[in-house]
There are 2 protein chains.
Amino acid sequence: MTSRTKNKTAEQRRLETVETLIDLAGEQNPNAITTQALADKMGLTQGAIFRHFPTKESIFSGVMGWVAERLMKHIHKAIKSEDSAIDKLQSMFLAHISFVSKHPGIPRILFGELQHDKNSVPKQMVKQLIAQYADLLQDIMRTGKERGELNPNLDIEAATLLFIGSIQGLVMQSMLAADRQDMLAQAEAVFNVYRQSLL
Amino acid sequence: MTSRTKNKTAEQRRLETVETLIDLAGEQNPNAITTQALADKMGLTQGAIFRHFPTKESIFSGVMGWVAERLMKHIHKAIKSEDSAIDKLQSMFLAHISFVSKHPGIPRILFGELQHDKNSVPKQMVKQLIAQYADLLQDIMRTGKERGELNPNLDIEAATLLFIGSIQGLVMQSMLAADRQDMLAQAEAVFNVYRQSLL
DNA sequence: TTTTAGATAGTAAGTGACCACTATCTTCTC
DNA sequence: GAGAAGATAGTGGTCACTTACTATCTAAAA
């Protein structure tokens, strides 16, 4: 062997693999990323990947775990300091957009998983993440209603769908333009329009 | 040869191929549909596909052409009979949802094309379709503003993105639930929330 | 009306490239 | 020296696309 770099521990490699996949997904179709491309970017041989993951699908499961933990933590941190429902929603919106604009591969992987027909493990994890996310939104809206901060006639389920949809719209926009620079600026404008529907 | 069925013309086969692909995309990941699966569903051999299309990608271009024509026609017909901007937008929204609920494979193919990195022909066609769609929305909103039907301070660009995003949200919801039945009912509720943001 | 020739739709059977995954050997670390 | 990380070199399967042949259709000549 000619390698001079030290071996890393299994856990380090697992994390590195997951993050490399997220990185690559920012540049190309996630479903088209090969284990070879992954290994190349990590400076390993293709076979080495399978020392740490039993299947390719399990790497995607790892990604979903990574996302679920970091995204929810990021969002909870953002809304903790806010008081009113509207402010919480706005912080959540902007935190989410800043997260995906830092990791543009993530929404692409998410959509890609949803495209599959069969209920794979990563797809189930996506479903669970979205359900958890929607629950949080509905909690905020419900207490916002109780406190008289939101329109008492607001259809919470529809408002939740609209919230998530508007994030998807921004993501799609950035995929069209391949230009994530002004995503945050646009996000503010979009939320301002969305806000009107809550009052 | 043992076949008893007559040969069809090239144009008939091209159309049939495109519609079969749309059909299949309603059930499985569009990018994972093989030319073999397509041929099977049409009762042809795999090689026969390539009598009518030079590459697999060109079939997707055919799909995008099909969609662009039918969707826009469907939508223009829906808004023609409406008067106010709000009514036009609502008709457009519901027409769009009824269209994709009749052809659930279409949004999946669209998303799938956007995932690609390189600017393939079908991806460019998707971009063009979305741009055309956004133009129509903005036209309606602009005249709605002039007539005093919409909030004069409305951010039209953001409202357009929110409109498209809300459709994406509904589509995603149907992909999660694999249940397109109540998509139209949900659509009305979502538009009612959206409408508030225009006033 | 019949014959026939050119064009086209379709079949059958590849081909080469790619890819997830594996078996075996080598190197590193403790 | 044991156990784990990595390298090397497969293997079987899949897939888009091709080549060479056959069946069918059309239209004009006889």
Side-chain angles (χ1 to χ4, degrees), chain A residues 1-21 24-25 28-63 109 112-113 115-118 120-123, chain B residues 1-21 24-25 28-63 109 112-113 115-118 120-123:
Chain A
M1 186 175 355
T2 54
S3 109
R4 277 160 228 141
T5 60
K6 292 179 162 191
N7 287 347
K8 298 192 180 178
T9 69
E11 202 41 52
Q12 282 175 323
R13 278 294 188 217
R14 285 184 59 90
L15 182 62
E16 187 187 352
T17 307
V18 162
E19 292 178 341
T20 303
L21 178 53
L24 282 174
Q28 59 182 287
N29 184 0
N31 295 17
I33 295 171
T34 62
T35 51
Q36 181 68 64
L38 208 49
D40 284 350
K41 188 139 191 183
M42 295 172 70
L44 292 179
T45 57
Q46 188 247 359
I49 300 282
F50 290 90
R51 290 267 140 205
H52 305 294
F53 293 90
T55 62
K56 192 188 182 189
E57 184 181 290
S58 68
I59 308 177
F60 281 89
S61 295
V63 168
I109 292 172
E113 289 304 320
Q115 294 274 35
H116 298 331
D117 37 333
K118 61 169 187 221
S120 61
V121 174
K123 178 169 179 179
Chain B
M1 179 155 20
T2 54
S3 109
R4 278 160 228 144
T5 61
K6 291 180 162 193
N7 286 348
K8 299 191 181 178
T9 70
E11 201 41 54
Q12 281 174 324
R13 279 294 189 218
R14 284 182 61 89
L15 181 61
E16 187 187 350
T17 307
V18 161
E19 291 179 341
T20 303
L21 178 53
L24 282 174
Q28 60 181 286
N29 184 0
N31 295 19
I33 295 173
T34 62
T35 52
Q36 181 67 65
L38 208 48
D40 285 349
K41 189 141 189 181
M42 294 171 71
L44 292 178
T45 57
Q46 188 246 359
I49 301 281
F50 290 91
R51 291 268 140 203
H52 304 294
F53 293 90
T55 63
K56 191 188 181 189
E57 184 180 291
S58 68
I59 309 177
F60 281 88
S61 295
V63 168
I109 293 172
E113 288 305 319
Q115 293 274 32
H116 298 331
D117 38 332
K118 60 170 185 219
S120 61
V121 174
K123 179 170 178 178

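This structure is a prediction, so every number in the text was calculated from the model and none was measured. Here is how names work: the chains are called A, B, and so on, in the same order as the sequence lines, proteins then strands, and each is numbered from 1.
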**Contacts of B:Q12 that satisfy side chain to side chain donor-acceptor pair (under 3.5 Å) - sequence neighbours left out** = B:T9

**Complete:** Hits for side chain to side chain donor-acceptor pair (under 3.5 Å) against A:E19, two or more places apart or cross-chain, chain-then-number order -> A:W66

**Residue met sooner reading DNA chain C from 5', once B:E11 and A:G47 are mapped to nucleotides** = B:E11

**Request:** For A:M42 and D:dA7, give me the distance from atom CE to atom C1', rounded to whole Å.
**Result:** 15 Å

**Asked** Can you tell me how far C1' of C:dA9 sits from CZ of B:R14, to the nearest Å?
**Response** 14 Å

**Message:** Considering every strand and a 4.0 Å limit on heavy-atom distances, what is the contact class for B:A48: base, sugar-phosphate, or nothing?
**Reply:** base

**Request:** Return no unless some side-chain N or O of A:R13 is found under 4.0 Å from OP1 or OP2 of D:dG6.
**Result:** yes

**Request:** In whole angstrom, give the distance that lies between atom CD1 of A:I33 and atom P of C:dC18.
**Result:** 17 Å

**Message:** How many whole angstroms separate atom CG of B:L44 from atom P of C:dT8?
**Reply:** 18 Å

**Between C:dC18 (P) and A:D40 (CG): distance, integer Å** = 13 Å

**Message:** Can you say whether a donor on the side chain of A:Q46 sits under 3.5 Å from an acceptor on the base of C:dC21, or the other way round?
**Reply:** yes

**Prompt:** Does A:F60 reach the side chain of A:L21, with side-chain heavy atoms less than 4.5 Å apart?
**Reply:** yes

**Message:** Taking any heavy-atom pair under 4.0 Å as a contact, classify A:T45: base, sugar-phosphate, or nothing.
**Reply:** base

**Message:** Which residue in the set A:L38, A:T34, A:I109 passes side chain to side chain contact (heavy atoms under 4.5 Å, CB included) when paired with A:L24?
**Reply:** A:L38

**Request:** Only counting residues at least two apart or in another chain, list the ones meeting salt bridge (charged side-chain N to carboxylate O under 4.0 Å, His left out) with A:E16.
**Result:** A:K8, A:R13

**Asked** Over how many whole Å does the gap from A:Q28 atom CD to C:dC19 atom C1' extend?
**Response** 14 Å

**Prompt:** Can you list every side chain to side chain donor-acceptor pair (under 3.5 Å) pair that touches residues 35-53 of chain B, not counting sequence neighbours?
**Reply:** B:T35-B:Q46, B:Q36-B:D40

**Request:** Return the residues of residues 50-60 of chain A meeting this criterion: a heavy atom under 4.0 Å from some atom of DNA chain C. Order them by number, or give none.
**Result:** A:F50, A:R51, A:T55, A:K56

**Request:** Could you state the atom-to-atom distance from CD of B:E16 to C1' of C:dA9 in whole Å?
**Result:** 13 Å

**Request:** For B:Q12 and C:dG10, give me the distance from atom CD to atom P, rounded to whole Å.
**Result:** 9 Å

**Prompt:** Under the side chain to side chain contact (heavy atoms under 4.5 Å, CB included) test, which residues partner B:N31, sequence neighbours left out?
**Reply:** A:N29, B:N29, B:H116

